[in-house]
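Structure first, then comments.
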Amino acid sequence: MTKELAKVYVPADTEKLVSERWAESGAFHAEPTTDDSVPSYSVVIPPPNVTAALHLGHALNNTLQDVLVRYHRMRGFNTLWMPGTDHAGIATQTVVEKRLLQQGTKRLEMGREAFIEKTQEWKDEYEETILGQLTEMGASCDYDRVRFTMDDMCATAVRHAFYILFRDGLIYRGKRLVNWDPATGTALSDDEVEMEDVAGHMWYLRYPLEDGSGHVTVATTRPETMLGDTAVAINPDDPRAAELRGKNVRLPIVGRIIPIIEDDYVVLPDPESSDAKAQMSSGCLKVTPAHDPNDWDIGLRHDLEVINVMAADASISDQYGWDDASDEAQQFLGLGRYEAREALVAWFESNNLLEKVVDYSHSVGHSYRSHVPIEPWLSDQWYVAASDDRLAGSALRAQSPEQATTRSAEHQPGDTNGDGELRFVPDRYAKTFQQWHEGIRDWCISRQLWWGHQIPVWSSTVVDASGRHPNEAINNALALVEPGAAATVQSRWTAAGAVHTVRRLTDDEFVESICVPPQSTLNHEPRDDDSMDEAALVAALEADGFVRDPDVLDTWFSSALWPMSTMGWPYPEDFPETTGNGTDLLSTFNPTSLLSTAREIITLWVSRMVMFNRYFLDGQLPYTDVFIHAMVQDGHGQKMSKSLGNGVDPRDIIYSHGADAMRFTLVQMTTDTQDVRMPVDMVCPHTGEAFTPEFITTSAGHHVAAPEQTSPSDPTKTMVSAYGVAAGVAQPSDDTPLARNTSAKFDGGRNFSNKVWNAVRFAVSRLDDSMGSSEPVNPGATHFVDQWILSRLATTIATLEEAVASYQFNVYADTLYDFIWRDLCDRYLEAIKPTIDEDGAQQAVLGAVLDASLRLMHPVCPFITETLWPHVSDARCGEIAGLELPASELLATAAWPVIDSSMSNDAVIGDFDRAYRLITEIRTLRAKQNVKPKQRITVHAPAPVLELIAASGGLVETLSGVGEVADSAGDLPAISSPVAFEGSQVFLSGLSDEVNLDDERARLEAVIEQKSKQIAGFNGKLSNDGYVNGAPAHLVQETRDMLAAAVADLDAAQASLDGLG
RNA sequence: GGGCCAUUAGCUCAGCUGGCUAGAGCGCUGCCUUCACACGGCAGAGGUCACUGGUUCAAGUCCAGUAUGGCCCA
């Protein structure tokens, strides 16, 4: 097995082989169990969108999850990491439509079925890419269980969840203002709207009073909506209010007579105010309930008419609820919203009703997908009653009492399953979660898309001139609910297993809606004899004139079920792959242990998973811990994003540095701040050299790599940047290929890997099986440095365990780095070189420490450690008593080291540190005097230092090139250099033939100056009575000791200086 | 407008509950092609911890404010 190791670690040579070994062995596969003695550890991956390949942000998040997952697997947990992808409704549909457009087709031309097929192809392509990337990164997911938010298992869960919420009255249909994206023709949730500052104008329009007594001036940024105005509002505190009270306005163009109302939402004009709104206000507000959310609210308060003057593409139209369009208004019909704006402003100007126009910069909602301004638009949509206490209230009650700042009065933590158990790390994010739920609005879940879970509701409209529904039972049911609300009724459909509701649309129109559950629900829910299966039910409904809602669900609806749907909820027995050992995944692994995600996901996803998991599973949380990781920014402090093209493909980093180097660096960067900066370089595809690209500033003010770049060493060769491709201004070709990215940030990780590689290479060359003993080595009987490295191993293991428990990832990486590089390589390996070949016990220690080091490092750097594992396992020679390192074929499934706490010996560590300070003093002097490494020197020291040197068992001699140790009380050679160490004079001789006395004096004077400063500092502290009396006694004593040591060092240096003459 | 984060060595960042004689990596300087590693070793230079106040025996760390940059939400 053991082959010669190359001099340099080349990740590409081994990473793929290692991945294959993991896959073949089933190392990452988890099965459900009822065995309580084996604790579970589970994580569901935040399913990446199938819109595009993963970027560095995903790499960061998945690395952190993998560290935790691998660690717990090694600790003996039954560990499941559930992988999968998200269909990402609108995002995917948009990219597919874009691709189709490039190919000259359109979605509407090809039809729903063909389009979904195309999208499915896209999904398959990117799912493969994403899973490939996860594998390349070393993510130890259970790849036997890859889920997709639209696969059968997830679709069943979505259908069931919808059915339950519908049945329980938590899903309703409502006519509301939605955030309408006129470009993609769909409603967006509030979270899908991005606010952007826009340099616009404030137009001041004059509306004549009906009685001819003058006019009022309204200020608006959106004059095109005036056609739908149904009131003018004024603040009741406005001095003009009394005069205008009860009057009406004749709306220009339309001629509509609309009231002047009083509402304190209206901002009082104040030219002196620092608030731009008050500066700009005319005091009169045009109220357009159908086209502005605030006006909608005013409309509700004042019972105003709602007149929608726009079509779905945001053009002016009288087909959607506007029935008093005058002759004058006809000219504006059909105009787009911005054409209409111009035309209307021109009309007001030419009719002398435009008072003024002022530049005004304000914030406008834009579609996160199409980037066009959203249009508040009145339409029928499905809502989840997220504001219901059963959802938002439940989410708030889930919060850990230590993290929640307010709690509902009636609630006592712990009185319901899951209450008070949700914890955020870092804890500041609990506030984001809380504030979101305290101000939550009902969640619009319907999307006018094709790609997604189609809403499982069939509807039929009944018209009856009598104003009564023909069915008496339905009339009775309707009488019991508020007008416009849905009433649940019993019918042949409910007898067949569906939920049947009815709602009054207008005076003589009713809509009946039937929610059909999935077949598995029909199988499990008790029903009477009229039951039908799903297909028969749907066929009967359609035969009866019911039509299925064409809309699909918001992507987050299916994501919200992810920790349940991936595990077979609601009926795992219907999906045999989720069962086993007499139980199922859901019972074994939900609640999951942790969710790791980015902070903008707290509202979009974390919130909804908590609400749903709790609602559907009797208060049970989807997870107890939420870790919010930092945002990866580019070198200019800009968020990495697809649209900016400043994102980095992890495969580029794996290509330039290796997966472990990438992972190690990402882990090391993960502190609890919220941003990490990643300056990105480009790699010239022609020459392979890394270089800093030329940057340009976009019109939006972003710093991005110029679309085209020139090879740094060959000006005739060019290449294309990722930004160029993302912005669509550059296309890669054979001559101008797309350049990969890299970053010098990852050098540290690469160097670390190489260091470990070589440490193992050294060790296996020195370890000799025949030296081993069958009896475990007693650590107390080993060499000083062996005891020391075992002590350091013990404290390192403890620190790593604490770091994981507290999600301090950078501490994990730094602790590993320190132990392996500094302690193991720089000190231990150097120290044992003279003795290792002959010392069997030391060989056992070296083998064991390397074995343990690979285990400790494995969660962060799985590839190199797995590659080295058989080499170290083979080379081991002997066990160490008190250190458990059970053999394992694969490192990925090996046990985490267990070390006896007695292994950590403070006295040994203390002596080592003292000896090492002496070593450093000697080395410094050697360096100053330019002594060759091979030259042995003599140390002349007083008794206490001689004891230390002896106790350290050759450490000082080996690490500082000392050939001989003598007592300084004896005769000193003519040429010797003094060093102040622990308050005594230590002399070194044999450094060189002659010593420059001036240099010596300068060196000693520098020591004296430094010590004098320290002494002054200590004296200052100790002469402060407040300190001496107020500070803890041990600190005061420590200061006294340091003062004494500094004084002794100064005296020794002074004596040496005097000795030089 | 509300919330959050950052400001520490030339650069990128640690420094958790106040005790620091302020650390690391890169870069820089000098020496070393020493039989694991030049993706290396040894040594060194480099910081009034953004600013102004305050609390405290003690402030990089806590509090208030200011400035600059960034993110999220409205």
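All values derive from a computational prediction rather than experimental measurement.
- Distances were taken from every side-chain heavy atom of K934(A) (C-beta onward) to each of C37(B), U34(B), C71(B); the shortest belongs to U34(B).
- One C1' atom belongs to C73(B), the other to C11(B), and the distance between them is 33 Å to the nearest Å.
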Dump the intermediate steps for side-chain hydrogen bond (donor to acceptor under 3.5 Å, both in side chains) on S607(A) and W436(A), then the final yes or no. CA-CA 8 Å; S607(A) 149; W436(A) 164 255; 3.2 Å; yes
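- Residues meeting the side chain to side chain contact (heavy atoms under 4.5 Å, CB included) test with E830(A), sequence neighbours left out: K833(A), L959(A).
- Taking a pair to require two hydrogen-bonding distances under 3.5 Å in either a Watson-Crick or a G-U wobble arrangement, G19(B) pairs with C57(B).
- Taking the P atoms as reference points, U48(B) lies 22 Å from G54(B), given to the whole Å.
- Note: CG (D999(A)) to P (C31(B)) measures 15 Å, nearest angstrom.
- No hydrogens or angles considered: a donor-acceptor pair under 3.5 Å links the side chains of D442(A) and S387(A).
- Put simply, the side chain of L850(A) does not reach to within 4.5 Å of the side chain of F762(A), judged on heavy atoms.
- Proximity of V648(A) to M678(A): side-chain heavy atoms (C-beta onward) are nowhere separated by under 4.5 Å.
- Whole-Å rounding puts the Q1014(A) CD to C20(B) P distance at 14 Å.
- Between the side chains of N294(A) and Y265(A), at least one donor N or O sits under 3.5 Å from an acceptor N or O.
- Across U8(B) and A14(B), the matching C1' atoms stand 10 Å from one another, rounded to whole Å.
- Distance noted for atom C1' between A9(B) and G47(B): 5 Å (whole Å).
- Looking only at distances, a side-chain donor or acceptor of R926(A) sits under 3.5 Å from a matching main-chain atom of P933(A).
- Both P933(A) and Q1010(A) sit near RNA chain B, but only Q1010(A) has its closest nucleotide nearer the 5' end.
- Summarising the geometry, the separation between CE on M1042(A) and P on C20(B) is reported as 8 Å, rounded to the nearest angstrom.
- Checking C39(B) for Watson-Crick or G-U wobble geometry (two distances, each under 3.5 Å) identifies no partner in any strand.
- In the displayed structure, Y655(A) atom OH is contacted under 6.0 Å by at most 12 heavy atoms of other residues, nucleotides or ligands.
- Between the P atom of U21(B) and the CZ atom of R1040(A) lies a distance of 16 Å, rounded to the nearest Å.
- A6(B) and U68(B) make up a base pair, with Watson-Crick or G-U wobble contacts both under 3.5 Å.
- Taking the C1' atom of each, A22(B) and G60(B) are spaced 8 Å apart, rounded to whole Å.
- Checking the phosphate oxygens (OP1, OP2) of A36(B), a side-chain nitrogen or oxygen of K833(A) falls inside 4.0 Å.
- C73(B) atom P lies 13 Å from atom CD1 of I628(A), rounded to whole Å.
- In this structure, Q435(A) atom CD and C73(B) atom P are separated by 13 Å, rounded to whole Å.
- At least one side-chain heavy atom of Y9(A) sits under 4.5 Å from a side-chain heavy atom of T14(A).
- Separating the P atom of G23(B) from that of A43(B) is a span of 15 Å, rounded to the nearest Å.
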Under 4.0 Å protein heavy-atom contact, by nucleotide of nucleotides 39-47 of chain B - B base, S sugar-phosphate only: BSSSSS---
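- Spacing of P atoms, A58(B) relative to G19(B), comes out at 14 Å, to the nearest Å.
- With RNA chain B read from its 5' end, the first of the two nearest nucleotides for G748(A) and A763(A) is the one closest to G748(A).
- Separating the P atom of G2(B) from that of G65(B) is a span of 12 Å, rounded to the nearest Å.
- When heavy atoms are screened at a 4.0 angstrom cut-off, K932(A) is found touching the sugar-phosphate backbone but no base atom.
- Classification of the F752(A)-W821(A) ring pair by plane angle, with boundaries at 30° and 60°, yields parallel.
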Could you list, one pair per line, each protein nitrogen or oxygen that sits under 3.5 Å from a nitrogen or oxygen of nucleotides 12-19 of chain B, together with the distance?
from, atom 1, to, atom 2, distance (Å)
U12(B), O2', K745(A), NZ, 2.3
C13(B), OP1, R677(A), N, 3.3
A14(B), OP1, T671(A), OG1, 2.6
A14(B), OP1, T673(A), OG1, 3.3

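- A36(B) atom C1' lies 14 Å from atom NE2 of H871(A), rounded to whole Å.
- Base pairing analysis places G46(B) opposite nothing; no Watson-Crick or G-U wobble pair with both distances below 3.5 Å involves it.
- In this structure, G25(B) forms a base pair with C11(B), meeting either the Watson-Crick or the G-U wobble geometry with both donor-acceptor distances under 3.5 Å.
- In this structure, CZ of F433(A) is placed 17 Å from C1' of C72(B), rounded to the nearest angstrom.
- Close to C5(B), at under 4.0 Å from its OP1 or OP2, lies a side-chain N or O of R428(A).
- A donor-acceptor contact shorter than 3.5 Å links the side chain of D660(A) to the backbone of F863(A).
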